[in-house]
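Here's the structure we're looking at; comments come further down.
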Amino acid sequence: MAHWYEHHKRDLPWRHTRDPYRIWLSEIILQQTRVAQGMPYYKRFVEAYPTVAHMAAADERDVLRLWQGLGYYSRARNLHQTAKLVVNEHAGLFPGTYHKLLTLKGIGTYTAAAIASFAFGERVAVVDGNVYRVLARVFGIEDDITTTSAKKRFAALASRLIAHADDPATFNQAIMEFGAIQCTPTSPDCLLCPLQQPCVAYQTGRQQVLPVKAKKAAVRERFFHYFVFRNGNRLALRERTNRDIWQNLYDFALVETDEPKTGFRQLELSEKLQKLVLYSTQTAAPTEATQLLSHQRIRATFYEFVVPDRLTDDLFDGLSWFSVDQVAALPKPLLIVNYLKTHLEK
DNA sequence: TTCCTGGCCT
DNA sequence: AGGCCAGGAA
């Protein structure tokens with residue numbers, strides 16, 4: 001990989017300095033940012049603020065103005081805050097170790113390792129998105145990289161590898177550059193790859209699968225329209241038995257839609273539900289509630305009806321009458337518990 | 001058009 | 001775990 005790096009490394013301005021200020025500046029700019037986009041910003045910043053003292057003396061709004069268009073503006077605010085701290089508390093000298101760098105605003109594990117190794121030669125491994133990808137593929141690691149345990153595992157592996165490197169800074173640059181240019185996310189250049197032979201992903205055809213990354217479950221939005229039927233001190237509930245959330249808990253008669261609806265008259269009701277609604281009396285304005293699950297957002301509307309005695313045998317779909325005391329003893333989702341709490345108090 | 005990528009902070 | 005942003009890939 002060191003050999004590959006010597007032949008393929010890009011000529012980037014921050015690779016020609018060991019000035020911790022410039023390395024820090026470049027690393028903050030390159031967080032969540034591609035080199036091509038960050039480059040003009042780096043040049044502008046170095047010109048406007050050649051030293052950390054220049055930056056510390058600037059107004060935050062000027063720093064933000066210079067940052068404009070790069071996104072993630074907390075990076076710029078932290079940049080300025082840290083510049084002031086370095087000048088005021090550290091006499092303008094950057095802390096010289098990984099652990100001290102970690103305490104600065106805007107510097108996490110990746111950036112601390114980058115500065116420590118590039119500026120100070122410390123033997124500490126960077127672990128960024130490139131490194132996850134390269135290691136997962138070469139070593140065939142199937143762990144979900146979004147988990148804490150996987151992050152530990154990759155960091156430990158990178159540490160073992162850098163322990164044997166001639167030069168820690170070059171090792172770190174090389175593995176990231178390799179990930180950025182050769183071992184790219186969607187179409188890695190495996191045919192010309194020097195690691196073809198040892199690469200588990202290549203040998204098993206799993207380049208497209210590795211690294212494994214749990215896609216953050218898109219939060220699905222669902223609209224629940226609850227019909228709360230009441231007769232005297234009894235309420236109509238049913239057990240949820242479908243393959244769905246809240247299995248074996250109790251809720252009310254339910255009509256679900258994919259889209260928001262205003263009022264139950266916009267809903268398509270089953271014949272039996274329609275009849276019950278028709279001959280019952282709506283007793284309160286509909287109320288709304290939202291229940292957030294890990295992967296779903298339930299927006300619920302509750303419609304309250306009093307059912308006349310002559311129709312109490314007309315329940316359907318597993319609904320049964322429960323006295324208020326019985327209801328209290330049933331297992332219910334929080335959405336229902338909260339509704340009962342606020343609408344059934346007497 | 002939508003999907004994916006990317007460190008740090010709270 | 002979710003928010004922060006923009007741009008390149010699909």
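Throughout, protein chains are lettered first and strands after them, A, B, ... in sequence-line order, and every chain is numbered starting at 1.
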Any donor-acceptor N/O pair, A:Gln196 side chain to A:Leu191 backbone, under 3.5 Å: yes
Between protein and nucleotides 8-10 of chain C, what N or O pairs are separated by less than 3.5 Å?
{"residue": "C:dA10", "atom": "OP1", "partner": "A:Thr186", "partner atom": "OG1", "Å": "2.7"}

Polar contact flag, side-chain donor to acceptor under 3.5 angstrom, A:Asp144-A:Thr146: yes
Side-chain donor/acceptor of A:Asn88 to backbone N/O of A:Lys84, under 3.5 Å: yes
Between C1' of B:dC4 and NZ of A:Lys213, the distance in whole Å: 8 Å
Short side-chain to backbone donor-acceptor contact, A:Glu142 and A:Val212, under 3.5 Å: no
Inter- and intrachain pairs under side-chain hydrogen bond (donor to acceptor under 3.5 Å, both in side chains), touching residues 21-48 of chain A, at least two apart: A:Glu27-A:Tyr110, A:Gln31-A:Thr111, A:Thr33-A:Arg75
Listed partners of A:Phe302 passing ring pair (Phe, Tyr, Trp, His ring centres under 6.0 Å), at least two apart: A:Tyr226, A:Tyr339
Test: A:Glu177 and A:Arg15 ion pair at under 4.0 Å: yes
Length of the CG-C1' vector between A:Asp128 and B:dG6, whole Å: 9 Å
Whole angstrom value for the distance that separates P of B:dC9 from CD of A:Gln81: 10 Å
Residues from residues 129-156 of chain A lying under 4.0 Å of DNA chain B - heavy atoms: A:Gly129, A:Arg133
A:Glu288/A:Arg299 salt bridge by N-O under 4.0 Å criterion: no
Residues from residues 101-123 of chain A lying under 4.0 Å of DNA chain B - heavy atoms: A:Leu104, A:Lys105, A:Gly106, A:Ile107, A:Gly108, A:Thr109, A:Tyr110, A:Thr111
Stretch residues 62-79 of chain A: residues that reach within less than 4.0 Å of DNA chain C through a heavy atom: A:Gly69, A:Leu70, A:Gly71, A:Tyr72, A:Tyr73
Carboxylate-amine/guanidinium contact A:Lys272 A:Asp314, below 4.0 Å: no
Any donor-acceptor N or O pair under 3.5 Å, side chains A:Asn231, A:Thr312: no
Aromatic plane relationship, A:Tyr303 with A:His225 - under 30° parallel, 30 to 60° tilted, over 60° perpendicular: parallel
Aromatic plane relationship, A:Phe227 with A:Phe229 - under 30° parallel, 30 to 60° tilted, over 60° perpendicular: parallel
Nearest-0.5 Å distance that lies between atom CZ in A:Arg133 and atom CZ in A:Arg137: 6.0 Å
